[in-house]
Amino acid sequence: MKKTKTEKTVKKTRETPAAEPAFESRLQRHHDELRWLYMELYDNDSMFAELCGRLKSFSDERNQALRRSDAKREAAPDWYKQNDMLGMMFYIDNFAGNMKGVESRLNYLEKCNVNYIHLMPFLDTVEGRSDGGYAVADFRKVQEALGTMEDLESLTAACHKKGINVCMDFVMNHTSQDHEWAKKARQGDGEYMSRYFFFADDEIPRQYEATVPQVFPTTAPGNFTWLPDAQHFVMTSFYPYQWDLNYKNPRVFNEMMYNFLFLANQGIDIIRIDAVPYIWKELGTQCRNLSQVHTIVRMMRMIGEIVCPGVLLLGEVVMEPEKVVPYFGTVEKPECHMLYNVTTMATTWHTVATRDVKLLKKQLDIVNSLPKDYLFLNYLRCHDDIGWGLDYGTLMLEGMGERSHKQYLNDYFQGYAGDSNSRGELYNADPVTGDARFCGTTASMCGVEKADEEKDKQAMEKAIGLDIMLHAYMFMLSGIPVLYGGDEIGQLNDYSYKENPNKAADSRYIHRGAMDWKKAEKISDEDSVEGKIFGRLRRLEQVRKAEKAFVAAADTWTIETWDSSLLCIGRYFEGEKIIGIFNFSEFDKTAWIKEEGEYRDLMTGEDRKAVDVSIPAYGFYYLKRK
């Protein structure tokens, strides 16, 4: 007879002796602060006692291999801040069909030098009401088409044997309307209605709407949905089928922490907390970034350190770097281990469209001034759209108005303005405000798609050059670089999403196309587009791993080039210095820098002065002081 997941868990528990001394020591270290914060929010002794008891149970269930990893990482807490970390994110079905398929492709990921994979949402959802997997119907079940929890455990174990860390999304702000809690709430069960925000009339919802911004004003306007069958409004900040959880209810917090620990025990190394700023709702506020959010994330950090100290928290906070830093917490009371560098990503593409590095340089100076304990994830694109959340106060000083500049950027990346070679589509365009976001793969935005269509070899070389230069620049930033699966072979926009009725209205699927494994077979062909991009990226990855100046703790600064199209970044660590110079223009340029000493080009091995450096169109240099 086939054993159920529960039976297997029990068997595993019996075979794995509880590491009580380690657990008790960790609990004792955090107990007082955890209790103080919990009581501050909930003032409920019995629920806190239940939480602590369940923490012990999850600790007991953690297998030997994960415990050994926990101990190793506790002994070297900066393990994830080294220069060998390189991430890749992808949808499981698009990448390899299912979890077993991903496991069969681990050798390919090794060739990519990837040691951190972010598996896009794979928990149970309902087709047509999934929001790309962010409407979770069951936090302890894998989507049937992708596999099972046993498949997940097998995949994470196989990844760990190859030194690959696994990241997943934990969607804790809301559940799907198809979640068992939501179904019972919809039937009028008060216990479950209290886990959401239910209102019999629109009086209080109208008060919320007066202060709470809309997330998707075009595709999902408002923050509440009327349920005719239940005769109630329910808060739905994102889409009508995603119901916001009420974290004022301690039962919600406890149960979601149990889900978090259950998933960590499947071998997950990095938990990405989706939509962190939205977690706590308070009437009369914007329901964003409230102090209680930090209390919850701090408690989550401690709970992780008690049960699974090898697991990292990655926060999704979409704001400027200087404004997201509260989500790191403090040295004494840390919250997230890592955060996304969202604004720098958007400003990078602004720089491509304007050929002007001033705003990017200003933002990098801000990031570089932050404490080295703060670790950012850097990326050129992700599964989501690119929103133009730029520093318009600074841009206005250059004569760029917000609405007109957003229009220019969207026109540029659609290929309509600014001598652009980009291809892509708008997302969530609002004809009233003129606001819109942009979607497209890195290669298509760099001109590879257009050059391929026109069979223009010269244009193709320039497009590949821009693609590689942008990756080289990203690798130079402090933090962990993350690729989107397919970018390593220059995958293009996939317009087939329009033929799927469940995807046609969401242009983000243009850059979520299935991995083209036939093209991936060309990575060893140096004459192919795929081989050129893969080979040059691989060389960049090898250089980054070989040079200790790329560690997160390195001093990092920008250097004036006296040319608006050229960005120069310096890195220094333990006596080693590297200068990176990047040309955001399609013309040859000269960086008017004067860095003393003899330098070596890390890409070619040639000796080169770091003085008045000539940079070819869309070119770059990594210069190391000898």
Side-chain angles (χ1 to χ4, degrees), residues 4-6 9 91-94 97-99 118-153 155 167-189 191-198 215-216 219-220 224-225 227-230 232 234-247 249 251-266 268 271-275 278-279 316 383 500-503 505-506 508-509 512:
T4 66
K5 175 71 183 176
T6 304
T9 301
Y91 283 91
I92 293 169
D93 55 346
N94 286 346
N98 54 34
M99 288 184 175
H118 177 179
L119 305 175
M120 297 303 292
F122 55 77
L123 295 178
D124 189 39
T125 60
V126 173
E127 190 172 1
R129 297 195 295 270
S130 72
D131 186 27
Y134 289 96
V136 180
D138 190 335
F139 287 91
R140 302 199 184 191
K141 181 183 177 183
V142 172
Q143 295 171 36
E144 290 184 6
L146 301 180
T148 64
M149 277 294 168
E150 286 75 22
D151 292 336
L152 176 61
E153 282 188 289
L155 173 57
C167 172
M168 72 166 290
D169 293 88
F170 185 56
V171 186
M172 62 183 294
N173 176 71
H174 47 260
T175 74
S176 163
Q177 69 176 35
D178 300 288
H179 190 279
E180 63 173 338
W181 295 358
K183 290 178 180 178
K184 291 179 180 178
R186 196 165 203 153
Q187 294 167 0
D189 189 323
E191 158 63 22
Y192 291 92
M193 292 176 75
S194 71
R195 299 186 186 191
Y196 301 96
F197 293 88
F198 271 80
V215 178
F216 299 127
T219 55
F224 288 85
T225 297
L227 306 176
D229 55 334
H232 274 76
V234 64
M235 180 176 274
T236 55
S237 297
F238 290 83
Y239 286 102
Y241 51 78
Q242 291 167 301
W243 296 5
D244 290 64
L245 286 168
N246 180 7
Y247 277 90
N249 184 339
R251 174 54 62 196
V252 169
F253 177 81
N254 281 26
E255 294 294 337
M256 292 303 287
M257 290 305 98
Y258 304 155
N259 287 330
F260 156 57
L261 295 174
F262 172 84
L263 294 166
N265 278 356
Q266 310 314 305
I268 301 298
I271 300 285
R272 175 190 178 273
I273 315 174
D274 182 65
Y278 299 80
I279 292 171
E316 187 217 10
H383 70 291
N500 185 329
N502 290 324
K503 297 179 179 179
D506 191 341
R508 291 175 297 179
Y509 285 100
R512 298 174 180 174

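Note that the structure is a prediction, hence the values are computed from the model and not measured.
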Ring geometry between Trp181 and His179 (parallel below 30°, tilted from 30 to 60°, perpendicular above 60°): perpendicular
Side-chain heavy atoms of Val126 within contact of Tyr241, under 4.5 Å: no
Heavy-atom side-chain contact between Arg251 and Glu191 under 4.5 Å: yes
Partner set under side-chain contact (heavy atoms from CB on, under 4.5 Å) for Ala145, not counting sequence neighbours: none
Minimum heavy-atom distance Thr236-Phe224, with the two atoms named: OG1-C, 3.6 Å
Non-hydrogen side-chain atoms of Met172 and Met257 separated by less than 4.5 Å: yes
Electrostatic pair Asp131-Arg508, nearest N-O below 4.0 angstrom: yes
Donor-acceptor pair, side chain of Glu153 and main chain of Gln266, under 3.5 angstrom: no
By salt bridge (charged side-chain N to carboxylate O under 4.0 Å, His left out) - contacts of Asp244 (at least two apart): Lys281
Those residues that, when tested against Glu144, pass salt bridge (charged side-chain N to carboxylate O under 4.0 Å, His left out) (two or more places apart): Lys141
Smallest separation among heavy atoms of Tyr91 and Pro121, with atom names: CE2-CD, 4.4 Å
Minimum-distance pair of heavy atoms, taken over all atoms of Leu263 and Ile268: O-CG1, 3.3 Å
Result of checking Asn173, Thr175, Ile279 against Leu245 for side-chain contact (heavy atoms from CB on, under 4.5 Å): Thr175
Proximity of Tyr196 and His232 rings by center, below 6.0 Å: no
Contacts of Arg129 that satisfy salt bridge (charged side-chain N to carboxylate O under 4.0 Å, His left out) - sequence neighbours left out: Asp178
Residues which pass ring pair (Phe, Tyr, Trp, His ring centres under 6.0 Å) with Tyr247, listed by chain and number, not counting sequence neighbours: none
Heavy-atom check, side chain of Glu150 versus side chain of Thr148, under 4.5 Å: yes
Closest non-hydrogen atom pair, Arg272 against Cys167: CB-SG, 4.1 Å
Mutual orientation of the aromatic rings belonging to Trp243 and Phe198 [parallel < 30°, tilted 30-60°, perpendicular > 60°]: perpendicular
Ring pair (Phe, Tyr, Trp, His ring centres under 6.0 Å) involving His174 - partner list, sequence neighbours excluded: Phe238
Exam field: side chain Asp169 to backbone Tyr134, donor-acceptor pair closer than 3.5 Å: no
Closest non-hydrogen atom pair between Ser176 and Ala182, with its separation: O-CB, 3.6 Å
Considering all heavy atoms, the nearest Thr125-Ala135 contact: CG2-O, 3.1 Å
